[in-house]
Amino acid sequence: MDRVCMPEDGFVWRKYGQKFIRNIRKNRSYFKCQKKSCGARKRVEWCNSDPQNLRVIYDGSHSHPPPISSKTSDDDHQNPSSSIANQYNLLTQVLRGLNDTTTT
DNA sequence: CGGCTTTGACCAGCGC
DNA sequence: GCGCTGGTCAAAGCCG
């Protein structure tokens, strides 16, 4: 199985399905937030020839802080509770905007 | 042993 | 009514 790279965004997702969408001629993976109290969902689709062009689509919102247990930067001496969550929120919005390729 | 991942099959809605 | 697609669930295997 050609497992592409895992788009880690600071949250932990659990893949619960993967299918090839012919409508767009691309692969689509379905991810769900591990948190039970979190109904956040994420969809990832990439070209069958360009697994590097990942398209992430976020659905719903998280109700818990991002378990960022990776990379111990030296500037994260703050309290990653809502600030980071807010940043992530913006990120999702940006990704949503990338939904269209009509750029430039 | 537990947790996580992967794959197949089923269901529902739509078009013809 | 039939076929097709899209979306989700369930089971099993692997690793530490």
Side-chain angles (χ1 to χ4, degrees):
Chain A
M1 234 285 236
D2 328 18
R3 180 189 310 149
V4 280
C5 62
M6 251 237 176
E8 194 180 292
D9 353 24
F11 276 97
V12 50
W13 304 88
R14 171 187 169 261
K15 187 200 269 195
Y16 67 91
Q18 175 177 44
K19 289 245 304 220
F20 179 79
I21 311 301
R22 302 162 191 217
N23 270 346
I24 57 184
R25 204 75 121 168
K26 291 206 311 197
N27 296 311
R28 182 123 75 168
S29 288
Y30 302 91
F31 287 90
K32 257 201 305 211
C33 196
Q34 268 194 344
K35 285 304 202 247
K36 174 187 96 69
S37 308
C38 189
R41 281 211 293 240
K42 177 170 69 163
R43 236 162 299 167
V44 186
E45 56 182 66
W46 58 88
C47 214
N48 30 9
S49 291
D50 278 304
Q52 294 208 346
N53 285 353
L54 295 169
R55 198 183 281 320
V56 185
I57 301 150
Y58 291 89
D59 276 341
S61 39
H62 293 277
S63 290
H64 60 99
I68 296 175
S69 51
S70 232
K71 247 189 183 321
T72 48
S73 279
D74 52 283
D75 59 345
D76 57 6
H77 49 69
Q78 292 200 3
N79 203 22
S81 278
S82 30
S83 295
I84 304 248
N86 192 14
Q87 279 217 1
Y88 187 65
N89 217 334
L90 291 164
L91 187 65
T92 60
Q93 296 290 319
V94 178
L95 286 160
R96 271 179 179 268
L98 293 170
N99 206 332
D100 239 53
T101 48
T102 30
T103 44
T104 331

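In this text, all values refer to a predicted model and were calculated from it rather than measured experimentally. Basis for what follows: all heavy atoms, side chains included, without hydrogens, waters or symmetry-related copies. Order of the sequence lines sets the chain letters (A, B, ...), proteins ahead of strands, with each chain counted from 1.
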Can you measure [X] atom [atom1] to [N] atom [atom2] for me and round it to whole angstrom units?
X	N	atom1	atom2	value
A/Ile24	C/dG7	CD1	P	8 Å
A/Lys32	C/dA10	NZ	C1'	12 Å
A/Lys19	B/dT5	NZ	P	20 Å
A/Arg25	C/dG6	CZ	P	11 Å
A/Trp13	B/dC4	CH2	C1'	16 Å
A/Tyr16	C/dG6	OH	C1'	11 Å
A/Asn23	B/dG15	CG	C1'	13 Å
A/Arg28	C/dT8	CZ	P	9 Å

**Asked** Looking at A/Lys15, A/Arg43, A/Arg41, A/Arg14, which hits side chain to side chain contact (heavy atoms under 4.5 Å, CB included) with A/Phe31?
**Response**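 Only match with A/Phe31 under side chain to side chain contact (heavy atoms under 4.5 Å, CB included): A/Lys15.
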Using the side-chain heavy atoms of [X], tell me which of these nucleotides is nearest: [options].
X	options	result
A/Ile21	B/dC4, B/dT7, C/dG7	C/dG7
A/Arg41	C/dG6, B/dT7, C/dT8	C/dT8
A/Arg22	B/dC4, C/dG6, C/dC9	C/dG6

Separation of A/Ser29 OG from A/Lys19 NZ (nearest 0.5 Å):
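The distance works out to 12.0 Å.
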Output for pair (A/Lys42 NZ, A/Phe11 CZ), nearest 0.5 Å, gives 10.0 Å
* A/Lys32 side chain reached by A/Trp13 side chain, heavy atoms, under 4.5 Å -> no
Distance below 4.0 Å between A/Gln34 side-chain N/O and B/dC4 OP1 or OP2: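 The answer is yes; a side-chain N or O of A/Gln34 sits under 4.0 Å from OP1 or OP2.
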Worksheet entry | Phosphate OP1/OP2 of C/dT8: any A/Tyr30 side-chain N/O under 4.0 Å | no
Hey, does A/Arg14 reach any base, or is it just sugar-phosphate, or nothing, if we go heavy atoms under 4.0 Å?
-> base
